[in-house]
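Here's the structure we're looking at; comments come further down.
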Amino acid sequence: MANPRRLFTRGFVYGLTTASALAYGYLQLSNEEEDIKPVPVDPKVKRASDILKYGIPDRGPTVRYYQNHVLSYDQARRTPLWVAEHINSQHIQGPANRKHSKFRPDPSVDPMFTAHNGDYWKSGWSRGHMAPAGDNKFDQEAMNDTFLLSNIVPQNLQNNAGFWNRFEMYCRDLTSRFEDVYVVSGPLYLPTQEDEQKVVKYPVIGESEVAVPTHLYKVVVAERFNTPTSIGAFIVPNQPIDFGPKLTDFQVPIEDLEKSSGLKFYPQLDRSKAKNLCEMDSCKLITQKEFELWIIGRKLQSARTQERVEKVWKELEEKKLKPDQYLVDLYAKKKVELAAKQSEE
DNA sequence: CGGGACAGAAGA
DNA sequence: TCTTCTGTCCCG
């Protein structure tokens, strides 16, 4: 019986030489000649089996698959490189609740390269989803997957809960006008001008030294039957952004994002036929008043005491927000509900 | 929707 | 006893 290592080496060389020969075109069938020539081997490739005798440096799996998202993980920075999703109206509604999910290290990531919750605690940075939990309302397990730290980057809390949150809401709202929405999200580490040279500078947090991105990006593709596919690329600074700036302020040519990220997005998409997303659609985020009303609605929903209900309602009055009928009804309903609950106790 | 801080319970 | 986890409350 042959030596296993010997077998492995032989297979290794064969694979390399075949790939190389194809690349060099030596295996092309000749039109004129019928005699079969010996296949030349690129001497550089021939050396590879010796050079790589003890293996090829390993970045880990290039692509990792989850219930409802796919990502590539950056083992050096302890953050994803990119996270891809497909959103439609079926996925963004359902009983799944983030209160049942927990942030935790991704068990599929080598322990040497994983991030931990402790890295984020008291770091000044929040744990920002790339594939959002809210895109997985249809299934609790799919939502739980998005809380694995392989899908998380250190994100400014105001940005996460504010502008980026509204950006994610816009992506979900696209499904009311487009059947299928495809999104790739991820972190960027962009250079800044410092004296005479550009430098890339970013903090790292915790014992795992998780890298804090300078910016976040999204590439959004929206599809609808019988209309041109639309695509938009956005680069958002990882810092507080109030209601002044518009989403279109952060739109960039996708080629610019590709140069910065080193990634080609949607290589199978015929870009010459694609339209600018912000011309096909509004690219308008919800307004400050709409956002604050939404938040108050969510707080009312989750209120557990009468005191809390009254406090939230007072907040609404202080901000001079006009509640719609739904909110008025919800307020009345919660008051009755919690009064009954208190009389039980 | 997006998050964190904290106290007390549960576990080593 | 000290550490870790979970539930609860809080914020925009």
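FYI, side chains are in, hydrogens and waters are out, and symmetry mates aren't considered; it's all heavy atoms of this structure. Proteins get letters first, then strands, A, B, ... in listed order; numbering begins at 1 in each.
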Please state how far atom [atom1] in [X] lies from atom [atom2] in [N], giving the value in whole angstrom units.
X        : N      : atom1 : atom2 : result
A:Asn136 : B:dC1  : CG    : P     : 11 Å
A:Trp121 : B:dG3  : CH2   : C1'   : 15 Å
A:Met169 : B:dG3  : CE    : C1'   : 12 Å
A:His100 : C:dT8  : NE2   : C1'   : 14 Å
A:Gln301 : C:dC10 : CD    : C1'   : 18 Å
A:Phe291 : C:dC11 : CZ    : C1'   : 12 Å
A:Trp125 : B:dG2  : CH2   : C1'   : 16 Å
A:Phe243 : C:dG12 : CZ    : P     : 12 Å

For A:Lys299 and A:Arg304, find the nucleotide of DNA chain C closest to each by heavy atoms; which residue's nucleotide sits nearer the 5' end? A:Arg304

Between [options], which one does the side chain of [X] approach most closely?
X        : options              : result
A:Arg298 : C:dC9, B:dC1, C:dC11 : B:dC1
A:Arg127 : B:dC1, B:dG4, C:dT6  : B:dG4
A:Arg98  : B:dG4, C:dC10, B:dG2 : B:dG2
A:Ile295 : B:dG4, B:dG2, C:dG12 : C:dG12

Can you confirm whether or not the ring centre of [X] sits under 6.0 Å from the ring centre of [Y]?
X        : Y        : value
A:Trp294 : A:Phe291 : no
A:Phe250 : A:His215 : no
A:Tyr326 : A:Tyr331 : no

If you compare all heavy atoms of A:Phe163 against all heavy atoms of A:Asp242, which two are closest, and at what distance to 0.1 Å? CD1-O, 4.4 Å

Using a 4.0 Å heavy-atom cut-off, does [X] contact any base of the nucleic acid, only the sugar-phosphate backbone, or nothing at all?
X        : value
A:Arg166 : nothing
A:Gly134 : sugar-phosphate
A:Gln155 : nothing
A:Lys311 : sugar-phosphate

Residue-phosphate contact under 4.0 Å: [X] side-chain N/O, [N] OP1/OP2:
X        : N     : answer
A:His129 : B:dG3 : yes
A:Lys99  : C:dT6 : no
A:Lys122 : B:dA5 : no

Heavy-atom nearest nucleotide on DNA chain B taken for A:Asn97 and for A:Ser126; more 5' hit belongs to A:Asn97

Can you check whether A:Asp139's main-chain N or O pairs, donor with acceptor, with A:Asn136's side chain at less than 3.5 Å? no

Would you mind listing every salt bridge (Lys or Arg N to Asp or Glu O under 4.0 Å) that reaches into residues 313-323 of chain A, with sequence neighbours excluded? A:Lys299-A:Glu315, A:Glu315-A:Lys319

